[in-house]
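Notes for the one structure printed next.
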Protein chains: 2
Amino acid sequence: MVLPRAARTQRRTRIQEEKEELILEAALDVFATHGFRGSTIDQIAEVAGMSKPNLLYYFRTKEAMHRALIDRVLDSWLDPLREFDAEGSPVSEIRSYIRRKLEMARDFPRESRLFANEILQGAPHIEDELKGPLKSLVDEKAEVIRSWAKTGKIAKCDPYHLIFAIWSTTQHYADFDVQVRGVLGDERSGEGRFEDAARFLEQLFVSGLEIRDGGA
Amino acid sequence: MVLPRAARTQRRTRIQEEKEELILEAALDVFATHGFRGSTIDQIAEVAGMSKPNLLYYFRTKEAMHRALIDRVLDSWLDPLREFDAEGSPVSEIRSYIRRKLEMARDFPRESRLFANEILQGAPHIEDELKGPLKSLVDEKAEVIRSWAKTGKIAKCDPYHLIFAIWSTTQHYADFDVQVRGVLGDERSGEGRFEDAARFLEQLFVSGLEIRDGGA
DNA sequence: TGATAATTTGACCGGTTGGTAAAACATTAC
DNA sequence: GTAATGTTTTACCAACCGGTCAAATTATCA
């Protein structure tokens with residue numbers, strides 16, 4: 001019998017798991033490069049190597065695929081921020097947060113672009129996640145940073161804008177990759193650009209947040 | 001007679017100028033929020049308050065509209081970088097570059113998102129501009145920054161990544177506006193966030209680039 | 001005013017898109 | 001093996017999309 005996908009909540013076949021995995025992988029490819037509205041089910045089906053109705057057997061709508069993808073990716077995307085440790089030393093925590101975010105931009109650019117597309121277009125599908133789990137996590141970590149500033153471990157600064165700055169500078173290398181490589185030219189567009197970026201950003205943030213006598 | 005748009009290169013009617021203006025304004029709205037593939041001519045026509053065939057009388061294809069928009073906007077978008085002055089003092093030049101870029105993010109977010117969408121999706125329509133005029137301009141200004149570092153006016157750093165960092169942190173407030181406001185919460189989402197951002201970023205970049213004894 | 005050119009509109013077209021129906025095919029459990 | 005269930009395919013549909021066409025309307029100017 002042909003049961004609608006949503007009705008089979010209990011046991012999942014081996015084939016189901018494999019195919020859903022395959023589809024989400026293909027969907028990530030397509031959504032990341034064309035955005036939600038710019039992507040077609042046919043495209044995703046082709047990348048996944050199956051027919052469109054077959055794909056629709058596993059995910060009944062384009063929205064369902066997108067949502068499943070967002071749900072799966074959002075969680076891992078926030079891991080680096082979760083690891084941000086209140087007990088560690090400020091400089092090394094910030095330094096390794098930058099490094100982890102840069103590694104993600106290098107190793108998982110599609111995930112970064114998926115969110116970038118979504119947010120750029122007004123976050124129509126993930127607004128709740130932004131104002132809920134994401135905000136809570138950021139609030140928590142902002143409090144940590146604020147306490148570091150208060151106890152004189154780093155320069156006084158707005159912790160939210162610090163986090164925004166780390167996000168934007170690191171994700172830039174995933175989201176605006178074409179521009180980065182276009183500007184750097186072919187010679188400097190190898191993987192070395194991530195190490196150069198890491199060096200620069202660590203210097204910028206670490207010494208930008210250092211306490212100095214004349215500081216405000 | 002119905003002359004194709006491309007054939008009337010000479011005199012332009014008053015109506016032509018007005019309508020083309022109107023259309024590009026509407027197109028900016030739509031392209032900026034949905035990207036090229038996600039936008040429809042009907043949408044743009046509706047925003048512009050005219051029928052689709054009427055719109056197509058002025059721009060014969062969707063591509064033509066997009067290209068006209070890109071051409072018009074790219075130039076003004078690079079103005080802040082052009083103003084970057086080799087003769088000025090490094091600190092005040094960098095500071096005012098940041099301020100100008102932030103003002104553009106605040107006052108012209110649609111223009112920022114237009115490019116962000118384009119670049120995110122692989123810059124299919126503006127690759128030439130990236131590797132041509134943009135790269136040249138950046139190369140020129142990077143040389144200025146490099147000379148400042150060499151003569152000990154600012155800390156040694158990779159000038160390209162410095163420029164990327166300024167671009168990403170400032171444009172973040174236009175491109176990721178929904179996220180920024182979502183995280184800041186309703187209370188802090190007023191226009192004041194741009195001043196907070198300006199304060200933070202100026203502090204970060206200025207003191208991050210200051211020469212210090214222990215510096216590398 | 002009337003002729004001429006510029007603008008606007010409604011009807012339409014072929015291709016694409018998200019999605020469906022039903023039957024054919026494969027797999028699993030007994 | 002076979003019956004029940006799970007998977008895949010073929011054919012299809014209605015809505016939408018980019019774009020055309022010819023006729024209707026409006027502006028310009030002698």
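The basis for the numbers below is simple: all heavy atoms, side chains too, and nothing from hydrogens, waters or symmetry mates. In the text below, chain A, chain B and the rest are named by the order of the sequence lines, each starting its count at 1.
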Query raised in the report: How many Å lie between CE on B/M50 and P on D/dT26, as a whole number?
Result: 16 Å
Report task. Answer yes or no: does atom CD of A/E195 have more than 12 heavy-atom neighbours from other residues, nucleotides or ligands under 6.0 Å? Result -> no
Report task. Hunt down any stem DNA chain D takes part in, defined as 3 or more consecutive Watson-Crick or G-U pairs whose two distances are each under 3.5 Å. Result -> C:1-30 with D:1-30
Query raised in the report: Do A/Y160 and A/D139 have side-chain N/O donor and acceptor atoms under 3.5 Å apart?
Result: yes
Query raised in the report: When the distance from CG of B/L22 to C1' of C/dT7 is rounded to whole Å, what number comes out?
Result: 14 Å
**Report entry** Under 4.0 Å protein heavy-atom contacts per nucleotide of nucleotides 15-20 of chain C, with B for base, S for backbone only and - for none
**Finding:** --SBBB
Query raised in the report: Quick one: is B/N54 getting a side-chain N or O under 4.0 Å of the C/dT9 phosphate, OP1 or OP2?
Result: yes
Query raised in the report: With sequence neighbours excluded, what pairs up with B/R110 under the salt bridge (charged side-chain N to carboxylate O under 4.0 Å, His left out) test?
Result: B/E25, B/D29
**Report entry** Aromatic centroids of A/W167 and A/Y173 separated by under 6.0 Å
**Finding:** no
Report task. Taking atom CG of A/D186 as the centre, report whether more than 12 heavy atoms of other residues, nucleotides or ligands fall under 6.0 Å from it. Result -> no
Report task. Examine D/dT8: is either OP1 or OP2 under 4.0 Å from a nitrogen or oxygen in the side chain of A/S51? Give yes or no. Result -> no
Requested in this report: To the nearest Å, give me how far apart CD (B/E20) and C1' (C/dT7) are.
Outcome: 13 Å
Query raised in the report: Please give, in whole Å, the distance from D/dT20 C1' to B/L55 CG?
Result: 15 Å
Query raised in the report: Atom CD of B/Q16 and atom P of C/dA5: how far apart are they, to the nearest Å?
Result: 15 Å
Query - Exceeds 12 heavy-atom contacts within 6.0 angstrom, atom CD of B/E46 - result: no
Requested in this report: Rounded off to whole Å, could you give me the CD-to-P distance for the B/E46 and D/dC17 pair?
Outcome: 11 Å
**Report entry** Whole-Å distance separating the NE2 atom of B/H34 from the P atom of D/dC17
**Finding:** 11 Å
Requested in this report: Decide if atom CZ of A/F108 counts as having more than 12 heavy atoms of other residues, nucleotides or ligands within a radius under 6.0 Å.
Outcome: no
Query raised in the report: Between C/dT7, D/dT8, C/dT8, which nucleotide gets closest to the side-chain atoms of A/Y57?
Result: D/dT8
Report task. Take atom NE2 of B/H66 and atom C1' of D/dG18, then tell me their distance rounded to the nearest Å. Result -> 16 Å
Requested in this report: Report the C-alpha separation of B/R82 and B/E140 in whole Å, then their side-chain angles, then the decisive distance to 0.1 Å, and conclude whether the salt bridge (Lys or Arg N to Asp or Glu O under 4.0 Å) test is met.
Outcome: CA-CA 10 Å; B/R82 274 195 211 94; B/E140 178 195 329; over 6 Å; no
**Report entry** Step-by-step side-chain hydrogen bond (donor to acceptor under 3.5 Å, both in side chains) determination, A/Q121 to B/H34
**Finding:** CA-CA 6 Å; A/Q121 311 194 352; B/H34 296 115; over 6 Å; no
